[in-house]
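Computed from a prediction, not measured in an experiment: that's the story for all the values here. All residue numbers refer to positions in the sequence shown, counting from 1.
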Amino acid sequence: MSSYFTDLAQQYIDGEWRPGTGSWDVIDFNPYDDEKLASITVATVDEVDQAYRAAARAQKQWAATNPYARRAVLDRALRLIEDREQEIADLIVAELGGTRVKAGFELHLAKEFLRESIHLALRPEGRILPSPVDGKENRVYRVPVGVIGVISPFNFPFLLSLKSVAPALALGNGVVLKPHQNTPIAGGTLIAKIFEEAGLPGGLLNVVVTDIAEIGDAFIEHPVPKVISFTGSDKVGRHVATVCAANFKRSVLELGGNSALVVLDDADLDYAVDAAVFSRFVHQGQVCMAANRVLVDRSIAEEFTGKFVAKVKSLKVGDPRDPQTVIGPVINSQQANAISGTVEQAVAEGATALVRGGTSGNLVEPSVLTDLPADSVLLQQEVFGPVVFLIPFDGEEEALRIVNDTPYGLSGAVHTGDIERGVAFAKQIDTGMFHVNDGTVHDEPIVPFGGEKHSGIGRLNGETTLESFTTVKWISVQHGRSAFPF
């Protein structure tokens, strides 16, 4: 077991590693074999307050620090990740149940996002705007918001914590990070350790491992943070947004999805099968952008379905440490039970199980379902696991209607032999992101990432992160004398 699990099983507050003082512990388990990895006493409301106060104190000097110096800290953090890549990959496999392929995918993206954050430190620009008043100079400064609270999920914890933490720091903010209790090391204290060793001043980045059962809404209600960056379910996201609005905070919400991959009648079927299988089953389907629904033109549905089912049946399920494993465990038993319940409900509603996987512990085998009634509530929901619904359609208009018939609007894809046909289709989907002749699971450092409808508010990556984590201030200078009416 990695020493990370023993060395980093603490809170990181005001530049110090210390135990929490709550009355219970978060137990960090390996979801594949239930090995106990770490035990962390939870942080209390008082410790959340200490973390935010530390970040606020440290942030003033950090904001005044030359952005080239801020950039150098992030550059050292990147080098540390590169030097320890194998150790971090092993940690991701153990703590998340992620496969080797998934760990490599997450680390690759994490490094790319950190590289973008290094450049982001130099990106804020001010402006001088004209004035109708003689002698007046209007200066518009882009400045850090101050302190940002980050709440990250369990599925890509290292990447999705860094995706907010790194640009927030690059732009001169302080940060308090609350990782998911199932991934407190990969999503939290490991990141604190990396930045500590990279020379980040103490107090700027704090990590509190805790739970709403201990602190209630204290993390988002606290008066210090001006922005809360939350990645997780739409149910919790709605609550976060409500509390933020009541406390005059900005919220950036990256929430769930119910994405569709659409196969039109002129698609390359073998390629579409590969894209669809990856889009649904990467990281056991525990991805917000995953293709819950695969829509296929009825004229090619039989051929596509045969190829798709054959490929799904070939996916190796088992130990995520085995390089041949494609589908490892889901994060915990609650998720495993919920996924099994979804399959049972679908079959009870009349769905046909072309593949019906069993469940053993947290290992959930893939299921492929079709003929689900069009009015089933299951087609409206996000299924966070290896279950896919195959849906035939007659023509593009019906496909568009089915794709848009969901409260979510995060990602999606369409496959066609005519690229401009695909682009025209994509433009009609109510979603933040859509891909032509590709999978549904994509993230890139400079491209706006986010959703519509219940899939979120705001965008991250590149310039959109800059806008989310900074604010503008107007300072006017009167070089002459203003005339006042009294």
Side-chain angles (χ1 to χ4, degrees), residues 4 7-8 12 14-15 17 54-55 58-89 91-92 103-125 142-148 150 152 156-177 179 185-207 227 229 443-447 449 460-470:
Y4 282 135
D7 297 345
L8 302 181
Y12 184 67
D14 202 6
W17 294 95
Q59 187 270 332
K60 297 295 184 187
Q61 184 173 352
W62 181 244
T65 299
N66 189 307
Y68 281 87
R70 297 202 300 262
R71 189 175 73 162
V73 173
L74 271 73
D75 189 63
R76 289 194 292 272
L78 175 61
R79 302 289 168 258
L80 287 166
I81 292 171
E82 290 175 333
D83 290 344
R84 300 172 188 177
E85 197 159 340
Q86 187 56 56
E87 290 176 83
I88 298 172
L91 187 152
I92 288 171
F105 183 58
E106 181 166 4
L107 277 165
H108 168 73
L109 281 177
K111 291 184 295 179
E112 288 300 315
F113 276 94
L114 197 43
R115 290 188 182 99
E116 169 59 17
S117 295
I118 292 167
H119 297 302
L120 201 64
L122 308 183
R123 204 76 58 80
E125 296 177 347
R142 184 165 286 280
V143 297
V145 295
V147 175
I148 295 170
V150 178
S152 63
F156 282 77
F158 189 68
L159 167 65
L160 295 178
S161 291
L162 269 178
K163 188 174 173 178
S164 287
V165 168
L169 293 171
L171 293 165
N173 298 289
V175 177
V176 179
L177 167 63
I185 309 296
T189 54
L190 173 61
I191 292 168
K193 185 64 173 177
I194 288 167
F195 276 103
E196 180 185 50
E197 293 188 15
L200 185 73
L204 267 174
L205 172 60
N206 304 268
V207 176
V227 175
S229 178
D443 200 356
E444 295 182 11
I446 65 171
V447 181
F449 182 100
L460 289 177
N461 302 359
E463 295 294 328
T464 55
T465 300
L466 189 153
E467 293 170 6
S468 294
F469 293 167
T470 62

Under 3.5 Å, side chain of E116 to main-chain N/O of P445, donor-acceptor pair present? no

N206 side-chain N/O to D14 backbone N/O, donor-acceptor pair under 3.5 Å: yes

Could you check whether the rings of F156 and F105 sit parallel, tilted or perpendicular, using 30° and 60° as the cut-offs? perpendicular

Rounding to 0.5 Å, atoms NZ (K193) and OH (Y4) come to a distance of 9.0 Å

On a heavy-atom basis, the closest approach of P179 and S152 is CA-OG, 3.5 Å

Evaluate the side-chain proximity of L171 to R142: yes if any heavy-atom separation is below 4.5 Å, no if none is. no

If I take atom CG from residue L107 and atom CZ from residue R84, how far apart are they, to the nearest 0.5 angstrom? 13.0 Å

Should we count CD1 of I446 as having more than 12 external heavy atoms under 6.0 Å? no

With a 4.5 Å cut-off on side-chain heavy atoms, are F195 and L80 touching? no

State, yes or no, whether a side-chain contact exists between V147 and V175 at a heavy-atom distance under 4.5 Å. no

Residue pair R70 / T65, side-chain donor-acceptor N/O under 3.5 Å: no

Could you tell me which non-hydrogen atom of L204 sits nearest to which non-hydrogen atom of A55, and how far apart they are? O-CB, 4.3 Å

Any donor-acceptor pair under 3.5 Å linking the side chain of T189 with the backbone of L8? yes

Which atoms form the tightest heavy-atom contact between R71 and L122, and what is the distance? NH1-CD1, 3.2 Å

How long is the span from the CZ atom in F449 to the OG1 atom in T465, to the nearest 0.5 Å? 11.0 Å

Taking every heavy atom of L162 against every heavy atom of A110, the minimum-distance pair comes out as CD1-CB, 4.0 Å

Check whether any side-chain N or O of T464 sits under 3.5 Å from a backbone N or O of N461 as a donor-acceptor pair, and report yes or no. yes

To the nearest 0.5 Å, what is the distance between CZ on R76 and CD1 on I81? 13.5 Å

Decide yes or no for V176 and V150: does some side-chain heavy atom of the first lie under 4.5 Å from some side-chain heavy atom of the second? no

Does a sphere of radius 6.0 Å around CD in E197 hold more than 12 heavy atoms from other residues, nucleotides or ligands, not counting ones at 6.0 Å or beyond? yes

If you look at every heavy atom in L74 and A166, which pair is closest and at what distance? CD2-O, 3.6 Å

Any heavy-atom pair between the side chains of Y12 and L177 that's under 4.5 Å? no

Quick one: does L466's side chain get under 4.5 Å of P124's, heavy atoms only? yes

Using a 4.5 Å cut-off on heavy atoms from C-beta on, say whether the side chain of D75 contacts that of L114. no

Atom CG of N173 and atom CZ of F469: how far apart are they, to the nearest 0.5 Å? 8.0 Å

Could you tell me the separation between the CD1 atom of I88 and the CD atom of E82, rounded to the nearest 0.5 Å? 10.0 Å

